Amino acid sequence: MNNNIVDEIKSRCNIVDIIGRYVTLKRAGNSYKGLCPFHNEKTPSFVVSESKQFFNCFGCGESGDVISFVMKAENMDFHNAISKLAESCGIDMDKYGFKNESKKNEIYEMNRAAARYFYKNLTEKPNIGFGYMKKRGLDAKTIAKFGLGYAENSWSGLTDHLKSQGYKEEFMLQAGLISKSKNRYYDKFRNRIIFPIFNTRGKVIGFGGRTLGEDGPKYLNSPESNVFSKKNNLYGLNLTRQDINNNNYAIIVEGYMDLVSLYKNGVTNVAATLGTALTENQCQLLKRYTENIVLAYDADAAGQKAALRGIELLHKTGLKSKVLHVTDGKDPDEFIQKNGRTAFLELIDHALPYADYKLSVLKQRYDLSTSEGSIDFLKAAKEMLSGLSPVEADVYIKIISKETGISEGAIRREVNSETQENREIKINRSGSFNQSKGNKELKDETGNITLQKYFVKLLAVNPKYMPKIQKYESVFTQPACYRIYESMKNIWEEDSDIDIKKAADSVSPEDGEVFQHILDNITFPQEVDTVFAECIKTAEIEKMTARQDKILQMLNLLSENEEDKIDVLYKELMTIQSELKKTGN
């Protein structure tokens with residue numbers, strides 16, 4: 001079904017017309033040319049072919065069809081891109097298996113009608129909401145930019161308005177605009193400033209409301225619906241995503257007013273969470289636009305807790321994170337209103353990176369002037385240090401050593417205290433091989449049995465691999481596999497096949513059964529050369545892992561006064577760990 005709608009989109013959407021909305025194109029022969037929107041250039045190298053319905057940039061290498069262009073230009077996934085294109089060229093997505101699209105579009109339209117209603121309430125007649133906005137320093141331009149509104153202190157103002165527009169109460173209930181009690185419908189948002197929430201396609205997906213009275217929670221959000229999910233969206237991103245991309249970092253705040261206030265004061269690369277802690281899905285959404293995140297949460301204990309959780313999640317997701325400390329005011333809104341844009345940007349310049357922030361929080365919890373406090377601090381910092389790259393860990397180990405008086409060697413040994421006995425050894429790399437069910441001897445032995453069996457089978461299939469496998473013969477830790485390998489190596493001659501029968505006859509009957517089991521049961525899931533290359537990679541990892549374990553054992557045996565030896569070993573350990581990290585191990 002996806003293929004059908006893709007074909008329909010391509011047949012209806014002229015790539016020149018679509019790209020022309022983003023790029024100024026000029027005809028050049030049979031094609032069109034313009035400045036590439038995906039990298040900075042002065043001479044046009046971006047070419048669009050109308051006949052082939054294809055684009056290509058000879059400068060940065062980006063190329064593709066109309067769908068891939070929209071995905072790249074709008075930082076959208078496939079589904080959102082085809083939804084946007086289908087809407088622009090009048091395609092009914094229901095016909096292609098997207099059954100919920102029509103219902104979603106109705107909710108989008110109803111939400112837009114509600115947003116207009118709230119906006120007119122705020123801007124076209126006297127109300128306490130406008131006075132509140134003015135008091136918070138917001139002007140008419142900012143109010144219009146974000147479509148801010150006011151929900152009257154009425155039980156049915158919005159309900160009556162939407163009914164007059166032809167929308168049914170049951171549908172409003174599904175969208176979370178109204179509530180129901182004892183068979184009566186009433187407005188969900190009453191006497192509140194309204195913040196319409198848009199997705200990155202510019203659709204109104206929900207609302208946030210700040211109370212102007214004493215009743216109910218301070219902030220109230222739309223409930224989850226088939227168009228609104230708090231964990232999957234960020235407030236303001238529809239307006240700020242391009243600025244985030246251009247600045248190559250995003251400032252994440254907690255509140256709607258924090259974002260609106262920052263934007264109004266010229267800090268436009270910002271987004272806000274929707275009344276919840278930062279989620280993994282929101283991190284992935286941010287990753288479309290930048291890898292650099294600055295958390296600007298409130299300065300209170302709750303804000304610090306949220307920041308700690310946030311940087312952990314960002315670090316786990318592969319994003320580079322910093323935490324901004326608001327030094328004069330409880331939140332970003334209050335600070336920028338009082339001190340201005342330049343002062344806020346200075347705070348960003350001094351934002352603490354992931355490890356610095358975690359250490360700063362830990363230092364507040366422990367008394368580093370005492371031995372007991374320093375030891376407890378180091379134990380708490382160990383987990384954080386273990387998650388850093390070797391180079392990063394080395395930098396922070398030096399810092400911690402100076403602050404606590406504990407030697408660098410001791411800290412390193414504490415951080416790298418895992419041994420071969422308590423560290424899980426990964427046997428297979430990314431599920432590359434489908435290991436057959438072997439006999440009990442093969443399964444019960446230690447070491448990478450899968451790799452050993454593959455090496456034996458590879459030598460049986462093509463003896464040319466022998467010289468390279470010899471470099472990694474230390475992987476043969478299972479006795480039977482080692483004896484079989486030795487037998488094959490002894491009768492191997494360059495540029496000739498290995499006599500399998502002769503090799504089998506030269507080992508014991510028990511080893512011969514193991515040999516036959518390998519020959520009969522090991523099958524290659526890919527081309528032989530590809531399997532061999534994967535095996536060599538695995539063997540190299542095994543070799544580095546073995547050396548790493550040896551170094552860790554040696555570090556545990558060295559005393560404090562052997563700093564020179566510790567430093568040499570630790571540098572080698574950092575190199576090995578860096579290489580292992582590249583392989584995903």
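Since the model is a prediction, treat every value here as computed from it, not as a measurement. Sequence positions, counted from 1, serve as the residue numbers for this chain.
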Just jot down the salt bridge (Lys or Arg N to Asp or Glu O under 4.0 Å) partners of K10, sequence neighbours excluded, or say none. D65
Please check this pair: side chain of T290 against backbone of N248, looking for a donor-acceptor N/O pair closer than 3.5 Å. yes
Find the distance between OG (S321) and NZ (K358) and round it off to the nearest 0.5 Å. 10.0 Å
First locate atom CG of L173, then atom OG of S179, and finally report the distance between them rounded to the nearest 0.5 Å. 7.0 Å
Determine, stepwise, if the pair I19 / F46 fulfils side-chain contact (heavy atoms from CB on, under 4.5 Å). CA-CA 11 Å; I19 293 181; F46 183 81; 3.7 Å; yes
Using side-chain contact (heavy atoms from CB on, under 4.5 Å), reason through D356 and Y396 one step at a time and then give a plain yes or no. CA-CA 8 Å; D356 293 85; Y396 288 102; 2.5 Å; yes
For a quick test of reading the model, state the closest non-hydrogen atom pair linking G373 to L368 and the distance between them. O-CD2, 4.2 Å
Please confirm whether the backbone N or O of A250 pairs with a side-chain atom of N269, one donor and one acceptor, at under 3.5 Å? no
Using modelled atom types and a 3.5 Å cut-off, is there a donor and acceptor pairing between side-chain atoms of S164 and backbone atoms of H161? yes
Nearest 0.5 Å, please: how far is CG in N265 from CG in L262? 7.5 Å
What I want to find out is whether R112 reaches E109 closely enough, with some N-O distance under 4.0 Å, to be called a salt bridge. yes
What residues form a side-chain hydrogen bond (donor to acceptor under 3.5 Å, both in side chains) with N221, not counting sequence neighbours? Y256
Under 3.5 Å donor-acceptor, T142 side chain and L138 backbone: no
Side chain to side chain, F171 and E106, heavy atoms closer than 4.5 Å: yes
Close side-chain approach of T279 and Q282, heavy atoms under 4.5 Å: yes
Please check this pair: side chain of D187 against backbone of T159, looking for a donor-acceptor N/O pair closer than 3.5 Å. yes
For H325 and Y357, run side-chain contact (heavy atoms from CB on, under 4.5 Å): C-alpha distance rounded to whole Å, both residues' side-chain angles, the deciding distance at 0.1 Å, then the answer. CA-CA 10 Å; H325 282 288; Y357 183 72; 3.4 Å; yes
Donor-acceptor pair, distance only, cut-off 3.5 Å: does the side chain of N121 make one with the backbone of Y150? yes
Those residues at least two apart in sequence (or on a different chain) that pass side chain to side chain contact (heavy atoms under 4.5 Å, CB included) with A114 are F118, L158, L177, F207
Could you verify whether a donor N or O on one side chain and an acceptor N or O on the other, from E312 and Y354, lie under 3.5 Å apart? yes
Count the heavy atoms of every other residue, nucleotide or ligand shown that sit under 6.0 Å from CD of E291, and state whether that count exceeds 12. no
So, the side chain of T240 versus the backbone of V270: is there a donor-acceptor pair under 3.5 Å, distance only? yes
Contact check, side chains of R27 and E50, non-hydrogen atoms, under 4.5 Å: yes
Considering all heavy atoms, the nearest L85-C13 contact: O-SG, 3.9 Å
For atom CZ of F130, is the number of surrounding heavy atoms from other residues, nucleotides or ligands below 6.0 Å larger than 12? no
Checking the side chain of R192 only, and the main-chain atoms of A151 only, is there a donor and an acceptor separated by less than 3.5 Å? no
Would you find more than 12 non-hydrogen atoms of other residues, nucleotides or ligands less than 6.0 Å from N40 atom CG? no
So, do D331 and F335 sit near enough that their side-chain heavy atoms are less than 4.5 Å apart? no
Examine distances only and state if a side-chain atom of E41 and a backbone atom of C36 form a donor-acceptor pair shorter than 3.5 Å. yes
Could you tell me whether K180 and E169 have a side-chain N and a carboxylate O separated by less than 4.0 Å? no
Once you round to the nearest 0.5 Å, how far does CG of D160 lie from OH of Y117? 8.0 Å
Face-on cation placement of K72 at F38 ring, 6.0 Å and 45° thresholds: yes
Can you confirm whether F146 sits close enough to P196 that some side-chain heavy atom of one is under 4.5 Å from a side-chain heavy atom of the other? no
R136 and D333 ion-paired at < 4.0 Å: yes
Taking N246 for the side chain and Q242 for the main chain, is one N or O donor matched with an acceptor at less than 3.5 Å? yes
Check the pair L286, I293 against side-chain contact (heavy atoms from CB on, under 4.5 Å), reporting the backbone distance first and the verdict last. CA-CA 8 Å; L286 287 167; I293 310 297; 4.0 Å; yes
Any luck finding a side-chain donor-acceptor pair between Y132 and R210 under 3.5 Å? yes
Closest contact, heavy atoms only, F55 versus I15: N-CD1, 4.0 Å
Whether Y22 and F69 hold their rings parallel, tilted or perpendicular, with breakpoints at 30° and 60°: perpendicular
Could you tell me if the side chain of N232 sits less than 4.5 Å from the side chain of L285, heavy atoms only? no
Looking only at the side chains, is there a donor atom on one of N199 and N233 sitting less than 3.5 Å from an acceptor on the other? no
Closest approach of E254 and G303, non-hydrogen atoms and distance? OE1-CA, 4.4 Å
Does CD in Q364 sit with more than 12 non-hydrogen atoms of other residues, nucleotides or ligands closer than 6.0 Å? yes
N75 vs T200 side-chain heavy atoms within contact, under 4.5 Å: no
Before accepting this row, confirm whether a basic side-chain N of the pair E152/K125 lies closer than 4.0 Å to the acidic partner's carboxylate O. yes
Starting at CZ of R241, measure out to OG1 of T268 and round the result to the nearest 0.5 Å. 13.5 Å
Could you tell me if the side chain of V227 sits less than 4.5 Å from the side chain of V204, heavy atoms only? no
Return the CE to CD distance between M257 and E334, rounded to the nearest 0.5 Å. 11.5 Å
One thing to verify: whether K231 and E280 come together as a salt bridge, which I'm taking to mean a side-chain N less than 4.0 angstrom from a carboxylate O. no
At their closest point, which heavy atom of A271 faces which heavy atom of L237, and how far apart are they? CB-CD1, 4.2 Å
How close do K322 and P353 get, counting heavy atoms only, and between which atoms? CG-CA, 3.8 Å
